[in-house]
Amino acid sequence: MRRKLYIGIMLGAILFLMIAFHSIQKTSIILFTLTPSMIQVKNQTLPVLESRQVQLCSCKSCIADKGASEWFAQHFDHQQQPYFTGREKDIDPESLKWWLSLQASSGTLKEVSEKMFKVISSPPMVETPKQNQCRKCAVVGNSGNLLGSKYGALIDSHSTVIRMNKAVIRGYEQDVGNQTTHHFMYPESAIDLSSGVRLVLLPFKLLDMEWLSSALSTGEIKLTYTRVKRLVQADKYKVIVVNPAFFKYVHDKWTEHHGRYPSTGIIALIFALHICDEVSVFGYGADKYGNWHHYWENNRNAGAFRKTGVHDADYETEVIKKLYADGKIKLFR
Ligand code: C5P
């Protein structure tokens with residue numbers, strides 16, 4: 001009788017263990033299909049899940065996905081804020097000091113930005129990746145290598161199309177497309193924008209922010225280190241000003257102090273890495289003499305004036321190639 005009871009208890013225990021083991025397996029299957037934030041919570045108790053790669057958006061691969069490239073993980077800092085909001089926390093004192101030294105200006109950032117945000121609206125929140133969304137962006141540089149490329153339709157198929165400086169569209173639609181969502185500029189490279197296009201100011205100096213306020217209102221500033229456009233046609237409620245701290249981040253982490261400061265093109269590209277899930281790059285690449293030639297110009301006599309000056313074109317090209325090699329961007333030449 002005792003023996004039977006003993007066997008019964010043993011069988012019961014085995015049955016209990018089998019059910020428990022089965023439900024643990026089931027639980028782990030469920031855990032592996034949870035959303036990243038849920039996994040994060042679970043990770044605290046189940047470190048084994050840390051190695052699991054989580055797709056953060058619905059594209060084939062997402063910029064913000066971890067684990068794909070160690071080099072990328074060392075350079076990309078998801079905490080950097082690409083948009084300047086005018087708040088003190090946007091920029092640390094060291095970055096501010098460096099940025100103020102790029103090109104001379106008078107005044108303080110506080111005064112100038114307060115005035116600027118009386119003219120323009122505050123920027124939108126920077127969206128974070130979502131699992132049910134794929135933000136596809138095209139970044140279009142101004143290289144002469146776009147001429148004859150027939151990339152127009154492909155560029156226009158992206159939901160975000162970033163162009164820059166004096167980029168010309170009319171007459172070049174087949175090669176460069178005709179859609180633009182964001183246009184990067186600074187006073188000396190300003191053009192009028194079509195309605196709906198976001199003006200993205202790249203402020204290389206304090207005066208650039210003063211110019212923005214002026215160019216979208218009274219037009220009193222007509223001179224920086226050269227004559228500049230007094231008024232710019234653009235929607236002042238859709239302007240974004242790139243955070244000066246973002247310049248420092250690109251200089252420190254991406255171009256790694258090559259060149260005195262990074263170019264419009266590389267800042268626009270790194271900016272795209274922070275607001276997009278997938279980035280396609282068009283129109284980057286100097287000519288065989290190392291000139292940044294433009295697709296809309298006759299480049300035959302381009303000459304040394306077009307040399308890349310304060311920027312290190314070769315190093316920036318290396319960064320772009322590395323991003324491509326690591327599968328973080330698509331590169332169209
Ligand atoms: O000449 P611009 O500054 O307007 O060009 C915008 C950006 O496009 C540059 O900062 C550079 O990154 C890229 N570019 C390039 N090769 C060229 C022309 C421009 O990579 N031939």
Side-chain angles (χ1 to χ4, degrees), residues 63-64 75-103 105-130 133 135 137 139 159-160 162-164 180-187 189-190 193 196-218 221 224 232 234-254 261-262 264 266-277 279:
I63 302 279
H75 292 75
F76 183 82
D77 176 359
H78 71 95
Q79 287 187 318
Q80 291 293 326
Q81 289 304 318
Y83 303 168
F84 181 59
T85 65
R87 283 188 278 265
E88 223 168 282
K89 69 169 179 49
D90 283 345
I91 177 159
D92 57 284
E94 196 199 330
S95 299
L96 179 60
K97 192 169 164 221
W98 175 83
W99 178 76
L100 287 171
S101 76
L102 298 184
Q103 294 181 17
S105 276
S106 52
T108 67
L109 181 60
K110 191 168 182 296
E111 281 162 19
V112 171
S113 69
E114 271 173 15
K115 201 169 150 204
M116 181 176 72
F117 282 110
K118 285 195 180 120
V119 177
I120 64 166
S121 305
S122 294
M125 294 285 283
V126 179
E127 271 188 58
T128 48
K130 293 186 184 62
Q133 177 179 278
R135 297 166 301 168
C137 304
V139 185
S159 50
T160 296
I162 295 175
R163 299 184 196 270
M164 54 201 80
T180 309
T181 58
H182 295 64
H183 196 111
F184 280 63
M185 64 172 78
Y186 47 91
S189 75
L193 301 181
V197 179
R198 270 191 194 282
L199 188 163
V200 183
L201 178 78
L202 267 185
F204 287 98
K205 53 188 172 305
L206 267 180
L207 182 56
D208 294 357
M209 293 187 190
E210 292 186 75
W211 167 83
L212 182 71
S213 316
S214 159
L216 294 173
S217 58
T218 56
I221 298 183
T224 58
V232 165
D235 185 343
K236 60 186 177 191
Y237 303 108
K238 288 190 83 170
V239 172
I240 289 171
V241 177
V242 177
N243 186 355
F246 200 79
F247 285 61
K248 181 75 162 67
Y249 157 61
V250 176
H251 185 59
D252 286 349
K253 300 279 269 189
W254 292 97
Y261 49 90
T264 307
I266 195 79
I267 298 175
L269 202 164
I270 304 300
F271 179 98
L273 297 180
H274 283 258
I275 64 160
C276 310
D277 298 313
V279 173

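Looking at heavy atoms from C-beta onward, Trp211 lies in side-chain contact with Leu201 at the 4.5 angstrom threshold. Looking at heavy atoms from C-beta onward, Trp99 lies in side-chain contact with Leu206 at the 4.5 angstrom threshold. The shortest side-chain heavy-atom distance between His274 and Val126 does not fall under the 4.5 Å cut-off.
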Counting only pairs under 3.5 Å, give me each side-chain donor-acceptor contact of residues 113-124, with atom names and distances, residues two or more places apart or in other chains.
unit_1, atom_1, unit_2, atom_2, d
Ser113, OG, Leu109, O, 2.9
Ser113, OG, Lys110, O, 3.4
Glu114, OE2, Lys110, NZ, 3.1

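Annotation for Pro203 and Phe247: closest pair O-CZ, 3.1 Å, computed over non-hydrogen atoms. Nearest heavy-atom pair across Ser159 and Thr181 is O-CG2, 3.5 Å. The two residues Ile275 and Arg135 come nearest to each other via the heavy atoms O-NH1, 3.1 Å. Of all non-hydrogen atoms in Glu94 and Lys248, the two that sit nearest each other are OE2-NZ, 3.8 Å. Among all heavy-atom pairs drawn from Ile63 and Cys276, the shortest one is CG1-O, 3.5 Å. Of all heavy-atom pairs between Phe246 and Pro82, the closest is CD1-CA, 3.6 Å.
Using bins of under 30°, 30° to 60° and over 60° for the plane-to-plane angle, the ring pair Phe204/Tyr261 lands in the tilted bin. Note on ring orientation: taking the six-membered ring where Trp is involved, the planes of Phe184 and Phe271 are perpendicular (angle over 60°, cut-offs 30° and 60°).
Panel note: side chain Asp90, backbone Thr85; a donor-acceptor pair is recorded below 3.5 Å.
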| request: May I have the step-by-step check of side-chain contact (heavy atoms from CB on, under 4.5 Å) for Leu273 and Trp254, ending in yes or no? | output: CA-CA 12 Å; Leu273 297 180; Trp254 292 97; 4.2 Å; yes

| query | Stepwise, does the side-chain contact (heavy atoms from CB on, under 4.5 Å) test hold for Tyr186 with Gln103? | reply | CA-CA 13 Å; Tyr186 47 91; Gln103 294 181 17; over 6 Å; no

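Taken from NZ in Lys238 to CG in Leu193, the straight-line distance is 11.0 Å, to the nearest 0.5 Å. Note: Ser214 OG to Ile221 CD1 = 4.5 Å, rounded to the nearest 0.5 Å. Here CE of Met185 is found 13.0 Å from CZ of Arg163. Values are rounded to the nearest 0.5 Å. Note that NE2 of His182 and CE of Met164 are 12.0 Å apart. Values are rounded to the nearest 0.5 Å.
Residues that satisfy the salt bridge (Lys or Arg N to Asp or Glu O under 4.0 Å) test with Asp77, not counting sequence neighbours, are absent from this structure.
For Gln133, the CD atom sits in a packed shell: over 12 heavy atoms of surrounding residues, nucleotides or ligands are nearer than 6.0 Å. Shown here is Lys130, whose NZ atom has more than 12 heavy atoms of other residues, nucleotides or ligands within 6.0 Å.
Ionic pairing of Lys205 and Asp208 is present here: one or more N-O contacts between side-chain nitrogen and carboxylate oxygen are shorter than 4.0 angstrom.
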